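Computed from a predicted structure; not experimentally measured. Letters go in sequence order (proteins before strands), and every chain restarts at 1.
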Amino acid sequence: MFENVIAELLRVDGVRGIAVVSKDGLLIEGQASDRTIDVENVAAMVATIYGTSLNVSKEVFHEEAIDMVTLESPKGKIITVEAGENAVLTVLTDPKVNLGLVRIYIKRNAQKVASML
Amino acid sequence: MLPGKYIDVITDFSDPLELAGKVREGYLKIAWKSESGLKIGYALVKKGKIVGSLVEEVLENSSISGDEAFREIFDAVRRNLIGAVELYEADVEGILKAHPGTYVTLVGVPSKSGRDLESFLALLGVYSGGVEIQDGSKAWEIYVESGLVKAARAIKGSDYRGDDAIRDILRETGHLLKDGKYTVGSPHEFSPEDTVRKTDLLREGLELVKEKRKVEKGF
């Protein structure tokens, strides 16, 4: 169902994997261009990271919404945004990806996912 | 990737290509997973008609265009691989000028089932597989491969096979235009007697019928 979203994001230079994940950690749909990435595993961990970030936001900023969660490591980045009430959209990238471009695409496609769920 | 302004994404449809009617000038963007990988297809639309087509392999960085691409899109539609259709507004003339290979010469929007001659002719141009044609009292099965009818037989009302079955269909066009319908599907196995030698006879015959109707309407 989300092939359109996955295909558009996978074509962005430096993007290695995409996952549409329910907030309780189940992979709804995903694909990676790199076979070493286990998208299902990533989905479960991303939901945890997103949930924890939301709690931090509530505790520190007294704000119950977050725009984006970004995890940066020397080997790559994981960017996650909310996609509707019950899901998040996650993009896994190379370390030197054009982050501005990825942000534009992930936001645009998160809206599509939200309208499709 | 083609330029354009995103309008909407639609998941509730019976036939994705019928959404062409919702686009005045732009394209339908679809994606699907096939045996060979993830693909993005674009069907360029002008005044509700599909005029151009492009299919890209997402991870291979390769593409095909024109009639060949449209056949692949229709095949994905027929196999129900499309979960969502994105609608875009775009300068279609500009895209066609910049990428002349994307022109689709087939006319009309093919449909997996229908009652009108135009959509049946469009189907013949893009489809590979079985089609059942029926009017009130007679029915036939044909096997099509990229616009050519390779096999045919009557399954109700007569027992014609091969070229004779095609001639039988053409003789019945009067009834078919009134009460006929067609549906794509998996045919029963065809036998050597069902082989059609004049593989473009049905298309040519129906094109003539279409022209005749145009002339009659003109008067």
Side-chain angles (χ1 to χ4, degrees), chain A residues 1-22 27-40 43 81-87 89-94 97-98 100-117, chain B residues 1-14 16-17 19-20 22-23 26-44 53-64 69 72-73 75-90:
Chain A
M1 186 176 177
F2 298 106
E3 288 91 350
N4 55 330
V5 168
I6 292 167
E8 184 166 302
L9 283 164
L10 270 180
R11 298 193 49 190
V12 178
D13 206 21
V15 170
R16 293 163 60 195
I18 317 291
V20 180
V21 184
S22 72
L27 176 68
I28 299 172
E29 202 165 328
Q31 186 160 341
S33 58
D34 182 339
R35 283 170 190 235
T36 61
I37 297 171
D38 181 341
V39 183
E40 210 147 334
V81 296
E82 188 172 63
E85 267 181 44
N86 302 312
L89 175 63
T90 288
V91 173
L92 290 77
T93 76
D94 288 334
V97 73
N98 180 339
L101 192 64
V102 173
R103 279 166 178 264
I104 291 169
Y105 273 92
I106 194 170
K107 284 276 189 186
R108 186 191 294 171
N109 281 283
Q111 285 171 6
K112 283 183 205 166
V113 171
S115 68
M116 290 161 73
L117 280 172
Chain B
M1 189 176 281
L2 298 179
K5 183 184 166 203
Y6 170 73
I7 305 297
D8 199 4
V9 59
I10 295 174
T11 53
D12 184 18
F13 48 78
S14 56
L17 294 175
L19 297 174
K22 286 181 177 273
V23 180
Y27 56 84
L28 309 178
K29 183 177 162 190
I30 55 178
W32 68 95
K33 283 178 188 165
S34 73
E35 297 78 11
S36 59
L38 187 59
K39 297 185 179 191
I40 299 182
Y42 303 87
L44 296 165
S53 185
L54 177 71
V55 171
E56 298 172 332
E57 291 253 11
V58 175
L59 299 176
E60 304 292 324
N61 268 334
S62 62
S63 65
I64 54 171
E72 188 151 345
I73 287 176
D75 189 52
V77 169
R78 182 182 64 82
R79 292 161 66 198
N80 293 321
L81 299 179
I82 313 299
V85 180
E86 293 181 19
L87 310 183
Y88 285 78
E89 270 178 8

Please flag which part of A/Gln31 lies under 4.5 Å from any non-hydrogen atom of chain B: side chain, backbone, both or neither.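 Looking at A/Gln31, just its side chain touches chain B.
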Under the side chain to side chain donor-acceptor pair (under 3.5 Å) test, residues paired with A/Tyr105 that sit two or more places apart: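 Scan of A/Tyr105 (side chain to side chain donor-acceptor pair (under 3.5 Å), adjacent residues dropped) gives none.
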Side chain to side chain donor-acceptor pair (under 3.5 Å) involving B/Ser62 - partner list, sequence neighbours excluded: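 Testing B/Ser62 for side chain to side chain donor-acceptor pair (under 3.5 Å), a comparison that skips the adjacent residues, returns none.
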State whether B/Lys33 and A/Glu3 are salt-bridged, where the test is any N-O pair (Lys NZ or Arg NE/NH1/NH2 against Asp/Glu carboxylate O) under 4.0 Å.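 Salt bridge absent between B/Lys33 and A/Glu3.
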Any Lys/Arg nitrogen of B/Lys39 or B/Glu56 sitting under 4.0 Å from an Asp/Glu carboxylate oxygen of the other?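 No.
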Heavy-atom pairs under 4.5 Å with chain A, option from B/Ala31, B/Gly37, B/Gly83 with the top count: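 Looking at each of B/Ala31, B/Gly37, B/Gly83 in turn, B/Ala31 comes out on top.
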Per-residue contact mode, B/Ile30 against chain A (heavy atom under 4.5 angstrom):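 Answer is neither: B/Ile30 stays 4.5 Å or more from chain A.
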